[in-house]
Amino acid sequence: FCLSRGLGDVYKRQLLQGDWKSVFSYGLFDGKPLEDKRGVGEWTSDAGIKGRLLLSRRSLGEDKTISGALQLVIPSNSVLLGRPYKDYPGLRLVFDAWAGLNKITPHLPLPQRRSFDDGSSLAGYIGNLIVPLDFELNNTSGDLALNAEVSGVLCNQDSCNPFRLRPRLI
């Protein structure tokens, strides 16, 4: 995005009108309350981080691809390690789904660098992390059901602590 030219709002509007319109309509960015919770998983939390799964639709049609997202809310004073660092593992995503699922492809964004008051810094994820997901289906019969296990390490300037989330969508 070319924010330095003052075109950020134009690009944001174009992005919101694109393929991800159905995911953005879940109130991720506009702050509006959800009117229809189909395709929206319940929040789960551990060690200060919380997460949920989102799908662009709740039931299957003829289309063999579905878009979705994993939303993680990271505490403001922490960094979620995206890759292994020293003896700490990086972010790990494992999905378990209905028999008709062929493949899930997560699209992790680039990590950011977070500096702490003591001069140290870490590369990882901060704030509200949205991981887009593409689902490829073998079978389009039945309802969607998805379980995930998200594990990793949250670090602040004092310590690093492991977490494990198990968001699900039934």
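Nothing here was measured: the structure is a model prediction, and the numbers come from that model.
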Inset, instruction - Could you please spell out the steps behind the side chain to side chain contact (heavy atoms under 4.5 Å, CB included) verdict for Phe95 and Asn147? - result: CA-CA 6 Å; Phe95 297 95; Asn147 295 308; over 6 Å; no
Inset, instruction - Show your working on side chain to side chain contact (heavy atoms under 4.5 Å, CB included) between Val150 and Arg92 and close with a plain yes or no. - result: CA-CA 6 Å; Val150 181; Arg92 183 170 178 256; over 6 Å; no
Inset, instruction - Apply side chain to side chain contact (heavy atoms under 4.5 Å, CB included) to the pair Val40 and Arg52, showing each step before the final yes or no. - result: CA-CA 8 Å; Val40 178; Arg52 66 179 175 177; 3.6 Å; yes
Legend entry - side chain to side chain contact (heavy atoms under 4.5 Å, CB included) between Leu146 and Ile104, intermediate numbers included: CA-CA 11 Å; Leu146 180 64; Ile104 299 175; 3.8 Å; yes
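Rounding to the nearest 0.5 Å places CG of Leu93 at 8.0 Å from CG of Leu133. Considering OG of Ser45 and CG of Leu72, their distance stands at 12.0 Å, rounded to 0.5 Å. Taken to the nearest 0.5 Å, the CZ atom of Phe163 stands 8.0 Å off from the CG atom of Asp46. Atom CG of Asp134 is separated from atom CD1 of Ile66 by 10.5 Å, given to the nearest 0.5 angstrom. Between the OG atom of Ser67 and the CZ atom of Phe135 there is a distance of 8.5 Å, given to the nearest 0.5 Å. The CD atom of Gln112 sits 4.0 Å away from the CD1 atom of Ile126 when rounded to the nearest 0.5 Å.
Scanning both residues, Ala47 and Pro162, for their nearest heavy atoms gives CB-O, 4.0 Å. Taking each heavy atom of Pro167 and Leu53 in turn, the nearest pair found is O-CD1, 3.7 Å.
With sequence neighbours excluded, the residues that form a side-chain contact (heavy atoms from CB on, under 4.5 Å) with Gln157 are Phe116, Asp117, Asp118. Evaluation of the side-chain hydrogen bond (donor to acceptor under 3.5 Å, both in side chains) rule for Arg113 yields Ser121 as partners, not counting sequence neighbours. Listed by chain and residue number, Asn161 satisfy the side-chain hydrogen bond (donor to acceptor under 3.5 Å, both in side chains) test with Ser159 (two or more places apart in sequence, or in another chain). In this structure Pro111 satisfies the side-chain contact (heavy atoms from CB on, under 4.5 Å) test together with Tyr125, sequence neighbours excluded.
With contacts defined as side-chain heavy-atom distances shorter than 4.5 Å, the pair Ile49/Leu165 qualifies. The shortest side-chain heavy-atom distance between Leu122 and Ser120 does not fall under the 4.5 Å cut-off. In this structure the side chain of Pro109 reaches within 4.5 angstrom of the side chain of Leu129, judged on heavy atoms.
A salt bridge (Lys or Arg N to Asp or Glu O under 4.0 Å) check over residues 156-170, counting only residues at least two apart or in different chains, returns the pairs Glu149-Arg164, Glu149-Arg166.
Residue Leu110 is found outside any hydrophobic cluster, as its side-chain heavy atoms come under 4.5 Å of no other Ile, Leu, Val, Met, Phe, Trp or Tyr. Counting Ile, Leu, Val, Met, Phe, Trp and Tyr side chains that sit under 4.5 Å apart, directly or through other members, Val94 stands alone, with no cluster partners.
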For residues 76-83, which side-chain donor-acceptor pairs fall under 3.5 Å, sequence neighbours excluded?
none

